[in-house]
Novice: 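What follows is a single structure, and I will ask about it in a moment.
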Protein chains: 2
Amino acid sequence: MATMKDVARRAGVSTATVSRVLNGHSAPTPETRARVLAAVDALEYRPNVLARSLRVHSTQTLGLVISDLLNPFFAEIARAVEDEARKHGYVVIFGNADENVEQQERYVRTLLDRRVDGLLVCPATDDDGWVSEVSARNVPLVLLDRRIDVGGAPVVYADGAAALRELAAHLVGLGHRRIGVISGPEDTSTGRERLHAFNDALRTLGHPLSPDLVTHGDFRRRSGANAASWLLGQPEPPTVLVAMDNLMGLGALEELRRLGRRIPDEVGLAIYDDQPWFPLFEPAITVVAQPTEEMGGAAVRSLLALINGEQPGEVHLDARLIVRASCGERL
Amino acid sequence: MATMKDVARRAGVSTATVSRVLNGHSAPTPETRARVLAAVDALEYRPNVLARSLRVHSTQTLGLVISDLLNPFFAEIARAVEDEARKHGYVVIFGNADENVEQQERYVRTLLDRRVDGLLVCPATDDDGWVSEVSARNVPLVLLDRRIDVGGAPVVYADGAAALRELAAHLVGLGHRRIGVISGPEDTSTGRERLHAFNDALRTLGHPLSPDLVTHGDFRRRSGANAASWLLGQPEPPTVLVAMDNLMGLGALEELRRLGRRIPDEVGLAIYDDQPWFPLFEPAITVVAQPTEEMGGAAVRSLLALINGEQPGEVHLDARLIVRASCGERL
DNA sequence: GCCGTGCGTGTATTCGATTACACGACCCGG
DNA sequence: CCGGGTCGTGTAATCGAATACACGCACGGC
């Protein structure tokens, strides 16, 4: 690979001049500029990004740590993040934490070691041990989807309260009284908040959740199936299941199919997160849809703002209810 | 951030010694070693990966260019790649080509500029303009999923011929004679090969595809829906649809639902690629499943072999038929 | 004709590591 | 008691770029 020195020699100038031409700095003469550019493409010169980064303390790289790339929700986020980053000339390195705190911590460290200019994290749990390391090296940090209490880091998330209120009204309106919930882990903000928001809404309607019909999964498919199985095995089983994440919802659906329960006649089902295939199930699944693309984009923009020394605020977008047929007759 | 010089000063040794301790080289005295290590964690020293990479000409980073992260098939690949890479101490940078040749080319260049140690590409099309650049910088390259004719680059892919033969037999056995195919683009190897393998199998059975029932999509959902719509609008419409990719299959299903056609009584459906939710549709979808996880893992191993100067062969794994209920009565 | 101004360019240092080579201490055999 | 080998450590060059600073030259004003 040709280096800058080769280009300089061929153009009969110094490396400083080459650098200036390439970076559009000060003002080399038009002729010099032309000579340099000619040498550049004669030699097919490409700058060494590592050397540059070492010198200027910036890598034009963002780090993204997500909990699970197989979760379509996070895949969409990753895709949106990559897309927005590219638009701004950044590249993204990503790591899968696998809903696992230690792996998440390892990844954060790896990405910091790679000198990313900023870090985007969808925290696996409330654990915040890794945050101190990030702030110690003062690398800009933006939290995505799940929030943890940590000073300064802006959060981008989707607020499901309104949508869950609508969902509660929808279910109650259809006559459902025993509502089974498959919630996320209690040590994640999304796990807690969705449950609380939903319960608050139901309480307001005069039909609070029965504590024995609330289960906690781990945002994975298996846990959804297990929870559904347990709920339906109760002495007074629920008439509708609400899964607080798309994978757990899938698991619940799987279990309903396995048990041969007719939806929605025997049991209804609603899922938090929409997916392209949810309308294609029989019956089409009623969901709370999150604006994933906007979330990813907004997170990147917040992060870039931080990198530029600005002080972006918390972004919160709204999730919305999409009523389909899986909880009973459409109104 | 503490640098190696700081550590050296604090430990009362030279940077060379620090480096030797950290890399387990030659043999510093146990006492020196201890002093250095003490200094390292007193200062919370972390090596600067950029400086190291610049010096040793290796970044411990792999580049992955995929066509579409929103395609669950590629998401699984990405996940498997990242997983295997991590096990070997590599990090992966990825780029979404969006089934778009130019963006793919830009990404290849970007990743090369980042000095990845090796490149994994799922080519968007047969276009191979970008390959020359890779070989010019002799960066190890492994092709994943789709093959293109290019000397030297090992290919990792799933061979669907056997599974498609079984599928053909299954369909013919169920009495299907007019079989509609939603194939991939003709300028991708997977697009061509799956169609040919399937047609060969049918021909052998004495029921070759009717050319007017073969359509080509672009591996995206919309094209699957359009193709299904077109096929069903033919004067003599097919009795079963075979979509050669999971997204086009989803599109076809969408269209079938929209038109209100009962599956499999009115039209059957089979899809290439399995997904966790395919068994949950009513009826459960018959599929050809690819071993995505193995593909991703194998690709990384081939790439690492190349990086180590070995000469890995072509890896081809087998896809397999999973008969469910969407083409008619299960045998 | 002299000197300040400004502009284009080159020289040399720096970023933070790795490593070839040299050097001094120590030990041992003749 | 001295020469040669071993072993641990330090010195300095290197990777490939960016950039502070200095230098030289042309030009203009007096």
Side-chain angles (χ1 to χ4, degrees), chain A residues 1-40 43-61 89 110 112-117 137-139, chain B residues 1-40 43-61 89 110 112-117 137-139:
Chain A
M1 285 282 321
T3 76
M4 203 151 136
K5 206 156 20 173
D6 302 322
V7 174
R9 186 165 337 125
R10 189 171 224 274
V13 298
S14 74
T15 61
T17 299
V18 175
S19 174
R20 283 188 276 252
V21 170
L22 264 32
N23 295 295
H25 270 192
S26 55
T29 280
E31 304 95 77
T32 323
R33 164 179 231 75
R35 279 221 312 290
V36 170
L37 291 178
V40 162
L43 297 172
E44 297 189 320
Y45 167 74
R46 305 246 73 210
N48 185 321
V49 177
L50 288 133
R52 171 169 222 289
S53 296
L54 177 60
R55 186 60 232 258
V56 303
H57 301 287
S58 139
T59 53
Q60 299 286 107
T61 303
T110 303
L112 289 177
D113 282 350
R114 298 284 168 143
R115 297 299 198 269
V116 293
D117 290 346
R137 307 213 207 166
N138 45 22
V139 170
Chain B
M1 283 284 320
T3 77
M4 202 149 142
K5 206 156 20 174
D6 302 322
V7 175
R9 186 165 336 125
R10 189 172 225 273
V13 298
S14 74
T15 60
T17 299
V18 175
S19 174
R20 283 188 275 252
V21 170
L22 264 32
N23 296 295
H25 271 190
S26 55
T29 281
E31 304 95 77
T32 323
R33 165 179 230 77
R35 278 221 314 289
V36 170
L37 292 177
V40 161
L43 298 172
E44 299 188 319
Y45 167 74
R46 305 246 75 210
N48 184 322
V49 177
L50 289 144
R52 171 168 222 288
S53 296
L54 176 60
R55 185 62 232 256
V56 303
H57 300 288
S58 139
T59 52
Q60 298 287 106
T61 303
T110 303
L112 290 176
D113 282 350
R114 299 283 168 146
R115 296 300 197 269
V116 293
D117 290 345
R137 307 213 208 166
N138 44 21
V139 170

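Each chain gets a letter, A, B and so on, in the order its sequence line appears, and its residues count up from 1.
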Novice: Taking all non-hydrogen atoms of both residues into account, name the closest pair between B:A11 and B:R35 and its distance.
Specialist: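 For B:A11 and B:R35, the tightest heavy-atom pair comes out as O-NE, 2.9 Å.
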Novice: Would you classify A:T32 as touching base, sugar-phosphate or nothing, given that sugar-phosphate means primed atoms plus P, OP1 and OP2, and contacts are heavy atoms under 4.0 Å?
Specialist: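 Touches sugar-phosphate only.
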Novice: Pick out which of B:V7, B:V13, B:L37 makes a side chain to side chain contact (heavy atoms under 4.5 Å, CB included) with B:V21.
Specialist: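 Result for side chain to side chain contact (heavy atoms under 4.5 Å, CB included) with B:V21: B:L37.
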Novice: As an exercise, state the distance from CZ of A:R114 to OG1 of B:T61, rounded to the nearest 0.5 Å.
Specialist: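 One gets 3.5 Å once the value is rounded to the nearest 0.5 Å.
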Novice: Could you write out each protein N or O paired with an N or O of nucleotides 13-15 of chain C at a distance under 3.5 Å?
Specialist:
| residue | atom | partner | partner atom | Å |
| --- | --- | --- | --- | --- |
| C:dT14 | O2 | A:R55 | NH1 | 2.9 |

Novice: How do B:V13 and A:V56 order along DNA chain D: which one's closest nucleotide is nearer the 5' end?
Specialist: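 It is B:V13 whose nearest nucleotide is closer to the 5' end.
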Novice: Tell me the bend of the helix from C:dG1-D:dC30 to C:dC27-D:dG4 as the angle between end helix axes, each from five pairs, rounded to the nearest 10 degrees.
Specialist: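 Computed from the C1' atoms at both ends, the axes differ by 70°.
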Novice: Quick one: does any side-chain atom of B:T29 pair with a main-chain N or O of B:E31 as donor and acceptor, under 3.5 Å?
Specialist: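 The answer is no, because no donor-acceptor pair under 3.5 Å joins these two groups.
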Novice: Between B:T17 and B:R20, does a side-chain contact (heavy atoms from CB on, under 4.5 Å) hold up when you go through it step by step?
Specialist: CA-CA 5 Å; B:T17 299; B:R20 283 188 275 252; 4.0 Å; yes
Novice: 5' to 3' on DNA chain D, which nucleotides open and close the contacts with chain A (atom under 4.0 Å from a heavy atom)?
Specialist: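 Endpoints of the contacted stretch of DNA chain D: D:dG16 to D:dT19.
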Novice: Regarding B:R115, tell me which of base, sugar-phosphate or nothing describes its non-hydrogen contacts under 4.0 Å with the strands shown.
Specialist: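 Result for B:R115 = nothing.
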Novice: Looking at CZ of A:R46 and OG1 of A:T3, how far apart are the two atoms once the value is rounded to the nearest 0.5 Å?
Specialist: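 A:R46 atom CZ to A:T3 atom OG1 measures 14.5 Å (nearest 0.5 Å).
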Novice: Taking all heavy atoms of A:T15 and all of A:A8, pick out the closest pair and write down the distance.
Specialist: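 Closest approach of A:T15 to A:A8, heavy atoms only: N-CB, 3.7 Å.
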Novice: Between B:P28 and A:L22, which has a closest nucleotide on DNA chain D that is more 5'?
Specialist: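 Counting from the 5' end, the first nearest nucleotide belongs to B:P28.
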Novice: Using the side-chain hydrogen bond (donor to acceptor under 3.5 Å, both in side chains) criterion, which residues pair with A:T59? Sequence neighbours excluded.
Specialist: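 With sequence neighbours excluded, A:T59 shows a side-chain hydrogen bond (donor to acceptor under 3.5 Å, both in side chains) to A:D117, given in chain and number order.
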Novice: Ignoring hydrogens, what is the shortest heavy-atom contact between A:S53 and B:L50? Give both atom names and the distance.
Specialist: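 Minimum heavy-atom contact is CB-CD2, 3.7 Å.
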Novice: Begin from the C-alpha positions of B:N23 and B:R52 and carry the test side-chain contact (heavy atoms from CB on, under 4.5 Å) through to its verdict.
Specialist: CA-CA 11 Å; B:N23 296 295; B:R52 171 168 222 288; 3.7 Å; yes
Novice: Could you list, one pair per line, each protein nitrogen or oxygen that sits under 3.5 Å from a nitrogen or oxygen of nucleotides 26-28 of chain C, together with the distance?
Specialist:
none

Novice: For a quick test of reading the model: is some side-chain N or O of A:T17 closer than 4.0 Å to OP1 or OP2 of C:dT9?
Specialist: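 No, no such contact exists.
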Novice: Applying salt bridge (charged side-chain N to carboxylate O under 4.0 Å, His left out), can you list everything that pairs with A:D6, at least two apart in sequence or on another chain?
Specialist: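 A:D6 satisfies salt bridge (charged side-chain N to carboxylate O under 4.0 Å, His left out) with A:R9 once adjacent residues are dropped.
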Novice: Can you find a side chain N or O atom of B:T15 that sits less than 4.0 Å from OP1 or OP2 on C:dT18?
Specialist: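 No.
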Novice: May I have the step-by-step check of side-chain contact (heavy atoms from CB on, under 4.5 Å) for A:D113 and A:R137, ending in yes or no?
Specialist: CA-CA 10 Å; A:D113 282 350; A:R137 307 213 207 166; 3.0 Å; yes
Novice: Rounded to the nearest Å, what distance is computed from the CE atom of residue B:M1 to the P atom of nucleotide C:dG16?
Specialist: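 Distance, rounded to whole Å: 9 Å.
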Novice: Test side-chain contact (heavy atoms from CB on, under 4.5 Å) on B:R115 and A:M1; report intermediate values, then the result.
Specialist: CA-CA 11 Å; B:R115 296 300 197 269; A:M1 285 282 321; 4.1 Å; yes
Novice: Mind listing the closest non-hydrogen atom pair of A:G89 and A:Q60 along with its distance?
Specialist: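 What the structure gives for the nearest pair is O-NE2, 3.5 Å.
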Novice: By nearest heavy atom, map B:R20 and B:V49 onto DNA chain C; which one lands nearer the 5' end?
Specialist: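 Looking at the nearest nucleotide for each, B:V49 comes out on the 5' side.
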Novice: Could you tell me whether B:M4 contacts a base, only the sugar-phosphate backbone, or nothing, with contacts defined as non-hydrogen atoms closer than 4.0 Å?
Specialist: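 Here B:M4 touches the bases of the nucleic acid.
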